[in-house]
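Computed over heavy atoms, backbone and side chain alike; hydrogens, waters and symmetry mates excluded. Computed from a prediction, not measured in an experiment: that's the story for all the values here. The first residue of the sequence shown is numbered 1, and numbering continues consecutively from there.
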Amino acid sequence: MKVENCTGVAQFLLMGLSEDPDLQPILFGLFLTMYLVTVLGNLLIILAVSSDSHLHTPMYFFLSNLSFVDICFTSTIVPKMLVNIQTQNKGISYTECLTQVYFFMIFMGMDNFLLTVMAYDRFVAICHPLRYTLLMNPPLCGFLVLMSWIIIFCVSLIHILLMMQLTFSIGTEISHFFCELAEVLKVAISDTLVNNIFLYVATVLIVVFPASGIIFSYSHIVSSLMKMSSTASRYKAFSTCGSHLCGVSLFYGTGLGIYLSSAGTHSSHESSVSSVMYTVVTPMLNPFIYSLRNKNVKGALGRLLSRAAFCPSWAPNLRT
């Protein structure tokens with residue numbers, strides 16, 4: 001990444017959600033609360049799945065990976081935002097900005113891939129129940145997650161290498177609360193044609209293809225449900241993918257809403273406000289979606305919290 005006019009400090013200025021000084025304490029408290037709820041909620045999901053043998057199945061294996069990714073996704077953005085609000089400093093160095101772009105793309109892409117493999121898992125469970133244990137075996141589940149990581153690591157790395165060839169002015173303002181790739185490309189003073197072309201290619205690879213896979217899986221699921229003669233059987237089968245469908249609707253619904261709002265208003269500030277939904281709110285709500293609608297997860301969380309509450313190591317030493 002080249003810097004023009006090197007007499008100043010090599011950094012971007014993140015304009016944030018609001019420049020009103022009176023709103024800064026409110027924003028700090030709000031985002032700190034949402035961040036803590038996100039980390040705690042998703043960590044509980046991971047602990048519940050890992051500690052309960054009843055949840056050692058492909059569906060919950062993917063869910064625990066999703067919770068881990070959501071923690072990392074939010075941690076890429078919110079801590080730096082909180083520091084900037086607390087110190088009243090909008091600056092972020094070019095190295096920090098590149099790092100944020102890199103990890104933001106990784107974890108956003110992993111969200112897409114994990115939602116897709118979870119849809120495939122539900123497709124196999126409902127459409128091919130007799131072959132489920134054979135098809136969704138542990139090596140395949142591990143392979144799907146590993147390949148997702150490898151693909152998104154490579155795509156993100158290419159983005160960063162291309163961004164390092166761009167030129168920026170000192171103290172360039174970014175109308176966002178984090179270094180979002182498209183916003184960073186907008187403020188470059190050199191040609192970004194190659195970057196934009198690869199951005200479209202990457203969007204197809206990590207957004208369009210996974211979304212198409214989810215639509216394909218659910219179209220077959222709906223088709224199988226319609227063939228069931230019993231209403232009770234339909235409800236029981238559909239209830240196993242209800243939480244995932246809610247998660248998918250929230251993730252892609254907020255993303256589509258942001259795209260449509262930004263295309264309609266062309267306002268970077270309104271787009272940054274809308275981005276709060278999929279960068280902060282969605283990871284925070286996912287633990288509630290996958291636990292409140294799932295008796296197995298609720299049971300595992302209850303047992304986990306019970307063991308934590310009555311753990312002997314927490315009890316006071318009563319020896320005389």
Using the benzene-type ring in the case of Trp, are the ring centres of His56 and Phe61 under 6.0 Å apart? no
For a side-chain contact (heavy atoms from CB on, under 4.5 Å) check, start with the C-alpha distance between Phe178 and Ile92, then their side-chain angles and the critical distance, and finish with the verdict. CA-CA 9 Å; Phe178 70 98; Ile92 181 171; over 6 Å; no
Glu183 (side chain) donor-acceptor with Glu180 (main chain) under 3.5 angstrom: no
Given Ser75 and Tyr35, is the side-chain hydrogen bond (donor to acceptor under 3.5 Å, both in side chains) satisfied, shown in steps? CA-CA 8 Å; Ser75 299; Tyr35 179 64; 2.9 Å; yes
Ile106 side chain reached by Trp149 side chain, heavy atoms, under 4.5 Å: yes
Decide if the gap between the ring center of Phe168 and the ring center of Phe12 is smaller than 6.0 angstrom. yes
With distance as the sole test, does Asn42 use its side chain to make a donor-acceptor pair with the main-chain N or O of Thr38 at under 3.5 Å? yes
Given the rule in the ring-ring contact (aromatic ring centres under 6.0 Å, His included) test, do Phe62 and His244 qualify, once you have shown the distances and angles that lead to the verdict? CA-CA 11 Å; Phe62 295 134; His244 176 259; 9.9 Å; no
Write down the atom of Ile289, the atom of Gly247, and the distance for their closest heavy-atom approach. CG2-N, 4.1 Å
Do Asn196 side-chain atoms and Thr192 backbone N/O form a donor-acceptor pair below 3.5 Å? yes
Which heavy atom in Ser169 sits nearest to a heavy atom in Tyr94, and how many Å separate them? O-OH, 2.7 Å
What I'd like to find out is whether the side chain of Met15 reaches to under 4.5 Å of the side chain of Ile174, using heavy atoms alone. no
Leu205 and Val155: which non-hydrogen atoms are nearest, and at how many Å? CD2-CG2, 3.5 Å
Could you tell me whether a side-chain N or O of Gln100 sits under 3.5 Å from a main-chain N or O of Thr76, the two making a donor and an acceptor? yes
Can you name the closest pair of heavy atoms from Leu115 and Leu66 and give their distance? CD2-CD2, 4.3 Å
Scanning both residues in full, the closest heavy-atom pair of Leu166 with Ser190 reads CA-OG, 3.4 Å
Met59 and Tyr132: which non-hydrogen atoms are nearest, and at how many Å? N-OH, 4.1 Å
Could you verify whether a donor N or O on one side chain and an acceptor N or O on the other, from Asn286 and Asp70, lie under 3.5 Å apart? yes
Side-chain heavy atoms nearer than 4.5 Å, only ILVMFWY residues, links allowed to pass through others: does that put Ile215 and Tyr252 together? no
Using modelled atom types and a 3.5 Å cut-off, is there a donor and acceptor pairing between side-chain atoms of Gln24 and backbone atoms of Asp20? yes
Check whether any side-chain N or O of Ser67 sits under 3.5 Å from a backbone N or O of Leu63 as a donor-acceptor pair, and report yes or no. yes
Carefully, step by step, assess Phe198 and His159 under the rule ring-ring contact (aromatic ring centres under 6.0 Å, His included). CA-CA 8 Å; Phe198 187 72; His159 268 301; 4.7 Å; yes
Residues Tyr278 and Asp111: side-chain donor-acceptor under 3.5 angstrom: no
Mark yes or no for whether Thr74, through its side chain, and Ile71, through its backbone, hold a donor-acceptor pair below 3.5 Å. no
Using 30° and 60° as the class limits, which term best fits the ring planes of Phe123 and His220: parallel, tilted or perpendicular? perpendicular
